[in-house]
Structure formats: C-alpha cells, structure tokens
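One structure below.
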Amino acid sequence: MQNNISKFFSYVKGLQLLAVLFLLFYVLLCFYNRFAADDFYFWHAQKTWGTLSTVKICYETYSGRWLAYMLTSFLLRFASSPFFLFFIGISEIVLLLLAVNRAFRLLFPWLGIQLSTKERLLYSILFCCSFFFASIDIGESWFWYTSVLSYMLSLIALIFLLVELFEPAKTGMGFLSCAVLAVYIGAASESFAAISFMLVFLLLLLAYSKNKKIQKLVPRSQGTKLIVALSVLCLSFGITAAAPGNAIRLSQLPHPSFFQQAVAPFKSLAKVGYLTFVYHFIALMLLAFPWLSLGLRFRNKSSITLPKFLSNFINFTPALLLLAFVLLLPASLLLSETPPARALSQFSFFVAVVINLSFFFAGQQLNITLIQENKIKLFSISGAFLFMLILLSIRVNEAKRYATAYDERIKLSLQAKQFYPNTLLELKKLPSSGYLYSAELSSDTAHFKNLQWQQFFELKRGIKVKEDFTSASSK
C-alpha cells in the first residue's frame, strides 16, 4: 500500500513539473511577443487623439465594442515600456487561472472530487495547458494584444460571471461583480455577448423551473442575480449594437445568399472540428491523461467495460455537437463564413472541457488494474514531458529569431522616419513567428497592415516587404 502511495505522489510531482514546464514555455513566449496589425492603429490613435476620442472614432466608423476599445486604448498609454506585452500576457494567464480555479472549486464537489487547494491549482494549470493547445491559432488567440482584450478577456469574464451566478451567497459585491462582468462582455465582443445571453437566459429559465432536480442545480434563490446579469448584459450589448460603425463594417463583409448564410455554421463546425483534431490531437490526448488518473483516484465502486463506455459517449455525441454548433453560431451567422481563430476561443475551451471530462469519467468508470494504471501514468507523463521539451527547444527558439528580426525592423523604421521619411522603405521578410502572432507586412503598400505601420512610423512614401523572387517565379 505504501509503495502504491509513493508511486502516486511521484506521479503528482511529475504533473507539477509538467505544469511548471508549460508556465515556463508560456512566459518565454510572452517575453518574445511583439505588437502587430491593429495594435499600431490603436497605439497611434491613443498618442494622437487620446482614449475617449479613439473610442468615439471607432464606435462611429468601425465597430461598437466601446469598452474593449476603451481598455485597449487606455492601456497603450504604457506601451512604451519594453515589458508592456509581457505584463499583458502574464496578466492574461493569471486571470484565466483564477477563473478556472474558482470554477473548479464549485464543480469538483459536484463531481465527487475532493482536492487540496494546491492540487486544485495544479489541475487548473493543466486545464489551461489543454485549452492553450486546443486553440485553432495560438498566436492570434493568446498573444495578439488587440484580440486578447476583445475575445480572450470576454471568455475569462464569462467564466467569472458563470461562477458568480452559481455562488450561493447573495452579497452586494456579488451583484456588483455580475454587473461589471456583464457590462464588459456586452461591450467587448458581439459573438461572446450573444453566447452569454443564451447561457444566462437558459439559467434563468432553469431557476424558475418546477422540476425539483433542476432546482437543486440552479436554485430559484439565484434568480435575482440572473435577472441583474441578463439586464445589464442586454443594456451593454444594446449600446454596442447601436454603434453607427457596425453598419459600415457590415457593408465591407461579403453579402451571401440566404442558403450560403444558413450553411455557414455547419461548414464552420466541420472545418473547425477538423483543424482542432488534426493539428492538436496528440497534444490534447497527452494532456488529458492526468484527468484519467484523477478519475481513477475517485473511481466508482462498480465499473463498466470499454465498449459500454464508448457506447455511452456516442449517445452523448449529438448533444455535444449541438452545443459546439451553438457556440459557433453567432460569429458564423455574422460573418457568413468560418470565424477567425480569435473568435473561436469559446469552441477551443469547450473542446478542452469535453476531452478532459471524458478522460475523467473513463478513469471513474472503467475497470483498470493497478498495473495498467501505473503503465498509463508512466507512458503518458513521459510523452507529455517529451512533447513540452520539444516545444521549449523548437518554438521558443523560433519566437526568439522572430523577435530579433522584428526588433531590427523597428530600428530600420525609426531610422527611416528620422533620416529619409520620403523614401519607400523595403524590408526583408520576417522569419516564422511560430506560436506568436506575426506582424509580417505585405508586398502591397496599400495593404491595411502596411498602412497602419506607415502611419505609426510617419513614413510618407510607405513601406513594403520585398517579394520573394523564387516564390513569385514559381507562381
């Protein structure tokens, strides 16, 4: 018995080391992260017009995300600091960990899981690791400054809001938290606002259901909180939807037929599902095994066979596909095509939840012997270590090369601004940015990224990237 316990604790130490490796990997990527695309527009606008004028211009000419634009512009007052983006990245992962940890504090007892505070934090980090690698485009979703404050922060706010709505305590701070979180979600991302509205509205219906089992899950006593959150969310999103800039932005989007628009969400689900599981399958599987071991710790007294477990999972598949479809629906309908990766964070989060929960229930319900359990732990933790070490070796060096070339481009742009602003600046292509969001420009001086860079650095004749002769000739 003592031997088995020592083996378990050595496995826990392995998981702790894996969590440290992930955090180290993330911190290094934050260190090499750089501004890109719209970041330069907002930075220039902040320096030229100030925060409120920037929000007003964006609200009237582009989009109604007034609170996201306000926060984006305000924080850029400190963007001259060399550690600004590093601080933003660290703040992002800390907020996400706090949100997930609070969610687990409510969810784990319901699943029959009793963990210490340190263990719960460990599994919060491991879940965030799964979510990270479930992302369609990690750079766009996690490291692009403008995107993070609209989409990732909306997701974090939604997690906090749902946790607050399930908290039994009725305090003034609880109601205020619900209101603040709902305001941000409604004013930061249209798709997240729509998803949040559906979730909160559904919870409100469940709270006033006459079914006693449902009332235990969503007590009627939470109804006041739900009404406050829903009302504030509607008000905030109403201000967002009323923006004159929305009509201008929509006019620039494709105008498909009714059939194309109806088919778009189904195409999105197929495409996003394909991209997630083809490109991230190995990482997601390796990072799901800790949840299998957690299920084994709290296994049921009665077990089922693997075919029976798979049969049960298949029976749930239609419901899971429906939920995934609903999560993609708002952005797909708005764009009439597959949403960009930054607008898919909720789908990636959902994928991480489904996979990790499935492995947890497998550990709880399957008849796995002690020998099999030890083999699973050994091979899974070894594979996860190998995976993280390879990433640390390849992706961090890739990010370092990109950051070095990017910093050189900044120097050249500043020199051009000072000594020859009337000359067209031609630059070499940047190396691959790997898991970071690339700030690469176009060979077309009229491309919006080039124009934003030109405006920020005050280059009168413009800027472009030298076209690759070999690739151009092959075309």
Side-chain angles (χ1 to χ4, degrees), residues 11-33 89-105 107-108 113 115 117-143 148 152 155-156 159 275-277 279-295 341 344-360 363 376-377 379-396 398-399 434-436:
Y11 179 69
V12 169
K13 289 177 182 177
L15 293 182
Q16 291 171 346
L17 181 57
L18 180 62
V20 170
L21 286 175
F22 167 69
L23 292 177
L24 174 64
F25 177 62
Y26 181 86
V27 167
L28 288 172
L29 289 179
C30 288
F31 180 76
Y32 293 120
N33 192 24
I90 298 302
S91 300
E92 176 188 358
I93 194 67
V94 168
L95 286 172
L96 181 61
L97 280 171
L98 287 173
V100 170
N101 192 47
R102 280 196 65 189
F104 283 172
R105 191 178 66 184
L107 180 64
F108 279 179
I113 302 173
L115 294 180
T117 302
K118 289 183 179 179
E119 285 181 308
R120 191 173 68 242
L121 176 61
L122 171 62
Y123 276 90
S124 299
I125 297 172
L126 293 174
F127 177 83
C128 289
C129 183
S130 294
F131 173 36
F132 182 86
F133 289 107
S135 302
I136 304 297
D137 186 319
I138 291 171
E140 187 174 323
S141 301
W142 289 76
F143 295 107
V148 165
M152 186 62 77
L155 175 62
I156 294 170
I159 299 169
L275 291 173
T276 299
F277 289 101
Y279 291 101
H280 305 287
F281 179 79
I282 294 176
L284 292 174
M285 291 300 105
L286 286 173
L287 296 169
F289 278 104
W291 296 89
L292 180 76
S293 69
L294 188 63
L344 296 171
S345 298
Q346 73 281 8
F347 178 84
S348 302
F349 189 88
F350 175 71
V351 168
V353 169
V354 170
I355 291 177
N356 290 332
L357 264 183
S358 298
F359 271 68
F360 170 77
I376 289 171
K377 288 178 179 178
F379 287 112
S380 63
I381 200 70
S382 300
F385 275 145
L386 181 62
F387 173 73
M388 289 303 304
L389 290 173
I390 290 173
L391 285 182
L392 277 166
S393 174
I394 297 176
R395 294 298 189 181
V396 172
E398 195 173 36
Y435 279 171
L436 300 178

TODO: Would you please test Leu436 and Trp142 for side chain to side chain contact (heavy atoms under 4.5 Å, CB included) and show each step?
DONE: CA-CA 8 Å; Leu436 300 178; Trp142 289 76; over 6 Å; no

- [ ] Please report the C-alpha distance between Phe289 and Leu15 in whole Å, then the side-chain angles of each, then the deciding distance to 0.1 Å, and finally whether the side chain to side chain contact (heavy atoms under 4.5 Å, CB included) criterion is met.
- [x] CA-CA 10 Å; Phe289 278 104; Leu15 293 182; over 6 Å; no

Open item on the list: Please determine whether side chain to side chain contact (heavy atoms under 4.5 Å, CB included) holds for the pair Phe131 and Phe350, giving the CA-CA distance in whole Å, both sets of side-chain angles, and the decisive distance to 0.1 Å.
Closed with: CA-CA 9 Å; Phe131 173 36; Phe350 175 71; over 6 Å; no

- [ ] Using the ring pair (Phe, Tyr, Trp, His ring centres under 6.0 Å) rule, take Phe108 and Phe104 through it: C-alpha gap first, then chi angles, then the decisive distance, then the call.
- [x] CA-CA 5 Å; Phe108 279 179; Phe104 283 172; 4.7 Å; yes

TODO: Would you please test Val12 and Gln16 for side chain to side chain contact (heavy atoms under 4.5 Å, CB included) and show each step?
DONE: CA-CA 6 Å; Val12 169; Gln16 291 171 346; 3.8 Å; yes

Open item on the list: As a quick check of understanding, evaluate ring pair (Phe, Tyr, Trp, His ring centres under 6.0 Å) for Phe349 and Phe127, giving each step before the final call.
Closed with: CA-CA 9 Å; Phe349 189 88; Phe127 177 83; 5.2 Å; yes

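Across Ile355 and Ala288, no two heavy atoms sit closer than the pair CG2-CB, 3.7 Å. Between Leu286 and Gly383, the shortest heavy-atom distance links the atoms CD1-O, 3.6 Å. Nearest heavy atom pair, residue Ala283 against residue Phe387, reads CB-CZ, 3.5 Å. In plain terms, the two heavy atoms of Thr276 and Val351 that are nearest each other are CG2-CG1, 4.0 Å. Considering every non-hydrogen atom in both Lys377 and Ser293, the closest pair reads CE-CB, 4.1 Å. Residues Cys128 and Val100 come closest through the heavy atom pair SG-CG2, 4.1 Å.
Taken from CG in Leu344 to CG in Leu275, the straight-line distance is 9.0 Å, to the nearest 0.5 Å. Leu287 contributes atom CG, which lies 8.0 Å from atom CG of Asn356 (distance to the nearest 0.5 angstrom). Interatomic distance, CG of Leu391 versus CG of Leu24, reported as 11.5 Å (0.5 Å rounding). Atom CG of residue Leu292 and atom CD1 of residue Ile376 lie 5.5 Å apart, to the nearest 0.5 angstrom. With values rounded to the nearest 0.5 angstrom, Phe143 atom CZ is found 9.5 Å from Ser135 atom OG.
The shortest distance between side-chain heavy atoms of Ile113 and Phe360 falls below 4.5 Å. Put simply, the side chain of Pro290 reaches to within 4.5 Å of the side chain of Tyr11, judged on heavy atoms. Side-chain contact between Lys118 and Leu121: absent, with no pair of heavy atoms (C-beta onward) separated by less than 4.5 Å. Counting only heavy atoms from C-beta outward, the side chains of Val27 and Ile93 never approach each other to under 4.5 Å. Residues Ile394 and Ile390 form a side-chain contact, since some pair of their non-hydrogen atoms from C-beta on lies under 4.5 Å apart.
The number of heavy atoms from other shown groups lying within 6.0 Å of CD1 (Ile282) does not exceed 12.
Distance alone, capped at 3.5 Å, is enough to place a donor-acceptor pair between the Ser124 side chain and the Arg120 backbone. The closest donor-acceptor contact from the side chain of His280 to the backbone of Phe133 lies under 3.5 Å. Not one N or O on the side chain of Asn33 forms a donor-acceptor pair closer than 3.5 Å with the backbone of Leu29.
Applying the side chain to side chain donor-acceptor pair (under 3.5 Å) test to Asp137 and every residue at least two apart in sequence or in another chain returns nothing. By the side chain to side chain donor-acceptor pair (under 3.5 Å) test, Ser348 pairs with no residue at all, sequence neighbours left out. Under the side chain to side chain donor-acceptor pair (under 3.5 Å) criterion, Glu398 pairs with Arg395, Ser432, not counting sequence neighbours. Applying the side chain to side chain contact (heavy atoms under 4.5 Å, CB included) rule to Phe385 yields the partners Leu17, Leu18, Leu21, Ile381; only residues at least two apart in sequence or on another chain are considered. A search for side chain to side chain donor-acceptor pair (under 3.5 Å) contacts involving Glu140 returns Arg342, not counting sequence neighbours. Under the rule for a side chain to side chain contact (heavy atoms under 4.5 Å, CB included), the partners of Val396 that lie at least two apart in sequence or sit in another chain are Phe25, Leu28, Tyr32, Leu392.
In this pair, Tyr26 and Phe22 present their aromatic rings tilted. The plane angle is within the 30 to 60° band.
You'll find the ring centres of Trp291 and Tyr123 inside the 6.0 Å limit.
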